[in-house]
Undergrad: 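Have a look at this one.
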Amino acid sequence: MLEFELPIPLPKWSFVAPLPSQAYKRPIPSIYNTVLQELIVQQHLMRYKRSYRYDAVFALGFVTVYEQLMEGYPSDEDRDAIFQAYIQALKEDPEQYRVDAKKLEEWARSQNPNSLLEFSSREGEVEGILKDIAERAGGKGDFSYSRFFAIGLFRLLELANAMEPTILEKLCAVLNVNKRSVDRDLDVYRNLLSKLVQAKELLKEYVDREKKKREERAEPQKSNEAITQQQQFSSL
């Protein structure tokens with residue numbers, strides 16, 4: 001299984017092949033494309049497991065990763081188009097991912113550590129989603145754990161201001177999910193974000209240097225044009 005690894009690239013603004021989907025054919029800067037390609041390969045393997053079944057926590061985790069990864073992308077329109085192409089390449093519905101992620105985010109913001117853990121005793125749409133996950137993860141149906149699911153859990157805790165380690169442990173227990181796997185995958189996720197920040201800083205430095213060089217090269221040309229125009233005016 002591929003890791004969420006992002007090798008820090010050389011400070012070079014290069015482009016590589018686009019996503020494996022006919023829905024988006026424009027080149028993507030390599031700093032983003034490197035991770036996107038790894039993620040889509042990893043998610044493809046998850047998607048076609050026999051035990052795979054889409055759920056909203058998984059969707060929240062992917063949307064969270066995508067937004068973190070694509071933060072600062074030059075074009076908001078392209079960022080959304082790439083998201084559409086990515087999910088469509090997996091034969092799934094991009095709109096469903098967005099809607100379910102937003103639904104869970106809004107629900108989590110209205111929770112506290114206690115209410116988050118007591119979802120099984122209440123009725124509601126999101127409560128029903130979490131109950132279904134708990135039943136399937138407990139062996140009563142298909143459930144395939146993944147890193148995106150772990151990140152979705154982390155996002156729920158973050159929005160509910162329930163970041164104490166004991167809360168995560170209790171939530172994993174209620175959902176019948178292995179906390180050790182969740183801890184491991186969250187460490188990988190944090191490592192990805194750290195490396196991505198470093199890579200983007202290198203890229204920004206490179207772009208700033210190139211812009212300054214272009215401006216410096218343009219100055220003599222502007223001066224020569226000004227002198228030429230002045231000479232032409234004087235000869236009139």
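Residues take their numbers from the sequence shown, with the count starting at 1.
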Undergrad: Working to the nearest 0.5 angstrom, can you tell me the gap between Cys172 SG and Tyr145 OH?
TA: 7.5 Å
Undergrad: Between OG of Ser146 and CG of Leu45, what distance do you get to the nearest 0.5 Å?
TA: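 Result: 12.0 Å between the selected atoms.
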Undergrad: Begin from the C-alpha positions of Phe83 and Met70 and carry the test side-chain contact (heavy atoms from CB on, under 4.5 Å) through to its verdict.
TA: CA-CA 10 Å; Phe83 179 87; Met70 301 298 282; over 6 Å; no
Undergrad: Is Trp107 close to Leu116 at the side-chain level, that is, under 4.5 Å between some pair of heavy atoms?
TA: yes
Undergrad: Once rounded to the nearest 0.5 Å, what's the spacing between atom CG of Asn161 and atom CD of Gln111?
TA: 11.5 Å
Undergrad: Check whether any side-chain heavy atom of Ile151 sits under 4.5 Å from a side-chain heavy atom of Leu186, and report yes or no.
TA: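 They are in contact (side-chain heavy atoms under 4.5 Å apart), so the answer is yes.
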Undergrad: Check the pair Ile82 / Tyr73 against side-chain contact (heavy atoms from CB on, under 4.5 Å), numbers first and verdict last.
TA: CA-CA 11 Å; Ile82 293 168; Tyr73 198 78; 3.6 Å; yes
Undergrad: Looking only at heavy atoms, which two atoms of Ala160 and Pro113 are closest? And how far apart?
TA: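 For Ala160 versus Pro113, the nearest heavy atoms are O-CD, 4.1 Å.
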Undergrad: For Leu60, does its backbone N or O pair with a side-chain atom of Thr64 as donor and acceptor, under 3.5 Å?
TA: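 Such a contact is found between Thr64 side chain and Leu60 backbone.
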Undergrad: I'd like to know if Arg155 and Glu158 make a salt bridge, using a cut-off of under 4.0 Å between side-chain N and carboxylate O.
TA: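 Looking at Arg155 and Glu158, the cut-off is met.
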Undergrad: Hey, can you tell me if Tyr54 and Phe58 have their rings parallel, tilted or perpendicular (30° and 60° cut-offs)?
TA: perpendicular
Undergrad: Answer yes or no: are there more than 12 heavy-atom neighbours, outside Glu71 itself, under 6.0 Å from its atom CD?
TA: no
Undergrad: Answer whether the closest heavy-atom distance between the side chains of Asp132 and Arg53 falls below 4.5 Å.
TA: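 Yes, side chains in contact.
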Undergrad: Rounded to the nearest 0.5 Å, how far apart are CD1 of Ile87 and CG of Asp93?
TA: 9.0 Å
Undergrad: Should the ring pair Tyr48 and His44 be called parallel, tilted or perpendicular, given that the plane angle runs from 0 to 90° and is split at 30 and 60?
TA: tilted
Undergrad: Are any non-hydrogen side-chain atoms of Leu175 and Leu153 less than 4.5 angstrom apart?
TA: yes
Undergrad: Quick check for you: to the nearest 0.5 Å, what is the distance between Gln37 atom CD and Ile28 atom CD1?
TA: 7.0 Å
Undergrad: When clusters are formed by joining ILVMFWY residues with side-chain heavy atoms under 4.5 Å apart, either directly or through shared neighbours, do Ile167 and Met163 land in the same one?
TA: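 Same cluster: Ile167 reaches Met163 through Ile, Leu, Val, Met, Phe, Trp or Tyr contacts under 4.5 Å.
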Undergrad: Decide yes or no for Phe148 and Val57: does some side-chain heavy atom of the first lie under 4.5 Å from some side-chain heavy atom of the second?
TA: no
Undergrad: If you compare all heavy atoms of Tyr97 against all heavy atoms of Gln43, which two are closest, and at what distance to 0.1 Å?
TA: OH-NE2, 3.3 Å
Undergrad: Taking 4.0 angstrom as the limit, do Arg98 and Glu105 come out as a salt bridge?
TA: no
Undergrad: With sequence neighbours left out, write down each residue that passes side chain to side chain donor-acceptor pair (under 3.5 Å) with Glu77, or none if nothing qualifies.
TA: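 Testing Glu77 for side chain to side chain donor-acceptor pair (under 3.5 Å), a comparison that skips the adjacent residues, returns none.
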Undergrad: Apply ring pair (Phe, Tyr, Trp, His ring centres under 6.0 Å) to Phe119 and list each qualifying residue two or more places apart in sequence or on a separate chain.
TA: none
Undergrad: When you measure from the side chain of Arg147 to the backbone N and O of Asp185, does any donor-acceptor pair fall under 3.5 Å?
TA: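 No, the answer is negative, given that no donor and acceptor are paired below the 3.5 Å cut-off.
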Undergrad: May I ask you to check whether Tyr32 and Tyr66 place their ring centres under 6.0 Å from each other?
TA: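 Not under 6.0 Å, so no.
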Undergrad: If the threshold is 4.0 Å, N to carboxylate O, is there a salt bridge linking Asp100 and Lys103?
TA: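 Salt bridge flag = yes for Lys103 with Asp100.
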Undergrad: Got Gln42 and Glu38 here, is their nearest side-chain heavy-atom distance under 4.5 Å?
TA: no
Undergrad: Walk me through it: do Val182 and Asn178 pass the test side-chain contact (heavy atoms from CB on, under 4.5 Å)?
TA: CA-CA 7 Å; Val182 172; Asn178 188 312; over 6 Å; no
Undergrad: With side chains defined as the heavy atoms from C-beta onward, is the minimum distance between Ser51 and Phe143 less than 4.5 Å?
TA: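 Result no, sub-4.5 Å side-chain heavy-atom pair not found.
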Undergrad: So, the side chain of Tyr86 versus the backbone of Ile40: is there a donor-acceptor pair under 3.5 Å, distance only?
TA: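 Checked: pair present.
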Undergrad: Evaluate the side-chain proximity of Leu168 to Asp183: yes if any heavy-atom separation is below 4.5 Å, no if none is.
TA: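 SC-SC contact between Asp183 and Leu168 confirmed.
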Undergrad: Hydrophobic cluster membership, with links at side-chain heavy-atom distances under 4.5 Å among I/L/V/M/F/W/Y: are Leu159 and Leu104 in one?
TA: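 Looking at the clustering, Leu104 is in a separate group from Leu159.
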Undergrad: Show every salt bridge (Lys or Arg N to Asp or Glu O under 4.0 Å) that has at least one partner inside residues 114-123, sequence neighbours left out.
TA: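 Pairs touching residues 114-123 that pass the test: Arg122-Glu127, Glu123-Lys131.
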Undergrad: Do Asp142 and Arg136 sit within salt-bridge range, that is, some charged N less than 4.0 Å from a carboxylate O?
TA: no
